[in-house]
Amino acid sequence: MTILAIETSCDETAVAILRERNRQSGSDLLASEVASQIAEHEKFGGVVPEVASRNHLAQLPHLLERATASAKITMNEIDAFAATSGPGLASSLLVGNSTAKGLAIGAGKPFLAINHLEGHLLSPFFGREGIAPNISLIVSGGHTLLVKVRGIGDYDTLGGTVDDAAGEAFDKVAKLLGLGYPGGPAIEARAKNGDPKKFDLPRSMLNSGELNFSFSGLKTAVRYLLPVILSRGDGEGSRKRREDTREIPRFARDDNVVNDLCASFQQAVIDVLREKSLRALRQTNSGTLTLSGGVSCNCALREDLRAMCEKNGIELLVAEPWLCTDNAAMIAFAALLRLQRGITSRLEEEIDPNLALA
Ligand code: KG4
Ligand code: ZN
């Protein structure tokens with residue numbers, strides 16, 4: 001069985017081809033093409049939906065061609081076509097969905113609508129023949145979720161963010177600091193040379209006993225700190241106190257205060273993610289934690305969770321870095337596991353920008 005999957009939920013256009021080895025021994029990735037639109041959206045400081053969908057439309061034919069060429073197969077050899085059907089940007093989802101449906105109709109093969117979050121959630125098991133029950137922490141630009149996973153399609157959402165997602169907080173803080181988009185990698189790079197204890201930033205809802213997250217207070221705390229730091233003389237812009245921090249401060253690029261602020265911010269996010277994950281594991285008596293989504297590229301987060309799991313006798317499975325940010329390989333993998341269980345989608349199934357996991 002060979003599956004072609006398309007991912008166009010946000011600002012990455014992606015096509016992947018995955019082949020089942022046999023039921024007992026997993027699958028092989030034959031092709032995985034990702035065209036990032038970061039450069040297109042960078043100048044706007046975030047993703048512009050109209051720009052994104054136009055780019056998906058322009059990129060997809062090339063990616064389909066490249067994917068089949070590198071997999072050395074023709075469209076006739078594909079047994080099923082899958083696409084992300086939500087959550088995401090409506091006009092972007094439509095491009096990938098319509099393309100996959102068209103290919104499925106043309107070839108007379110099944111179509112599978114895949115939940116983007118399920119793609120992330122299953123990615124720590126990528127290429128294996130199945131999955132183990134686990135507590136899944138999904139941390140991306142759009143979501144921060146703790147999910148109890150019993151099996152394929154059998155999910156209970158334990159907690160989510162009440163405001164900003166973890167990745168969104170990274171992106172917004174990076175924008176405040178003038179570090180560019182996407183913010184996660186930029187903040188991580190700065191944090192490596194900073195002191196995580198320098199600034200005492202809030203860990204919202206940490207002691208509330210529940211499993212929901214809130215990151216907008218942390219972002220606001222950083223915003224309020226900026227004028228204080230600037231007027232203290234730590235930054236290049238210090239001669240003139242700025243009340244309006246929406247204006248990007250012109251910190252010197254090697255300014256230690258930015259590194260310290262990034263390290264302190266990153267540590268605050270990590271502390272919350274670690275403690276809530278541990279709480280979810282304990283509440284559900286689970287012995288396995290999985291980590292996925294764009295923010296799980298963050299080495300400090302991976303290391304921190306590894307240490308926590310080791311200390312508490314928890315098995316930790318982390319998606320490989322190339323599978324953390326948006327890609328179609330994870331969508332193909334979710335589709336394969338569904339297809340193996342006899343699950344396909346109706347062609348009438350619509351995209352859903354707010355599609356929930358459970
Ligand atoms: O999973 P993803 O590619 O897209 C969504 O489904 O949202 O995640 C993108 C998010 C962005 O917010 C980006 O800043 C964040 O992942 N990210 C990181 C890192 N690399 C990407 N956050 C923290 N540290 C990183 N190294
Ligand atoms: Zn994603």
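Counting convention: from 1, in listed order, for ligands and their atoms alike.
Of the possible polar contacts, one joining the N134 side chain to the A132 backbone as a donor-acceptor pair under 3.5 Å is found.
Residue, atom and distance of the protein heavy atom nearest to atom 21 (C) of ligand 1 are G294 O, 3.4 Å. The protein heavy atom nearest to atom 7 (O) of ligand 1 is G141 N, 2.8 Å. Nearest protein heavy-atom neighbour of atom 12 (O) of ligand 1: D171 OD2, 2.7 Å. Atom 2 (P) of ligand 1 has D326 OD1, 3.4 Å as its closest protein atom, hydrogens excluded (heavy atom only). Looking only at heavy atoms of the protein, atom 25 (C) of ligand 1 is closest to G184 C, 3.6 Å. In terms of protein heavy-atom proximity, atom 24 (N) of ligand 1 is closest to N298 ND2, 3.0 Å.
The G183 neighbourhood of ligand 1 comprises atoms 14 (O), with distances under 4.0 Å to a heavy atom of that residue. Distances below 4.0 Å separate heavy atoms of T325 from the following atoms of ligand 1: 3 (O). Counting atoms of ligand 1 from 1 in the listed order, those under 4.0 Å from a heavy atom of E188 are 25 (C), 26 (N). For ligand 1, the atoms sitting less than 4.0 Å from at least one non-hydrogen atom of C324 are 1 (O), numbered in the order shown with element in parentheses.
Between P182 and ligand 1, no pair of N/O atoms sits closer than 3.5 Å.
Checking Y181 against D11 by side-chain atom types alone, a donor-acceptor pair falls below 3.5 Å. For the 3.5 Å distance criterion, the side chains of D163 and S214 qualify, holding a donor opposite an acceptor.
Within the sub-2.8 Å shell of the Zn ion (ligand 2), the protein contributes these N/O/S atoms: H116 NE2, H120 NE2, D326 OD1.
F333 has its ring centre less than 6.0 Å from the ring centre of F126.
When the shell of 6.0 Å around CD of E349 is examined, it contains more than 12 heavy atoms from other residues, nucleotides or ligands.
The proximity of H120 to ligand 1, defined as any non-hydrogen pair under 4.0 Å, is limited to the side chain.
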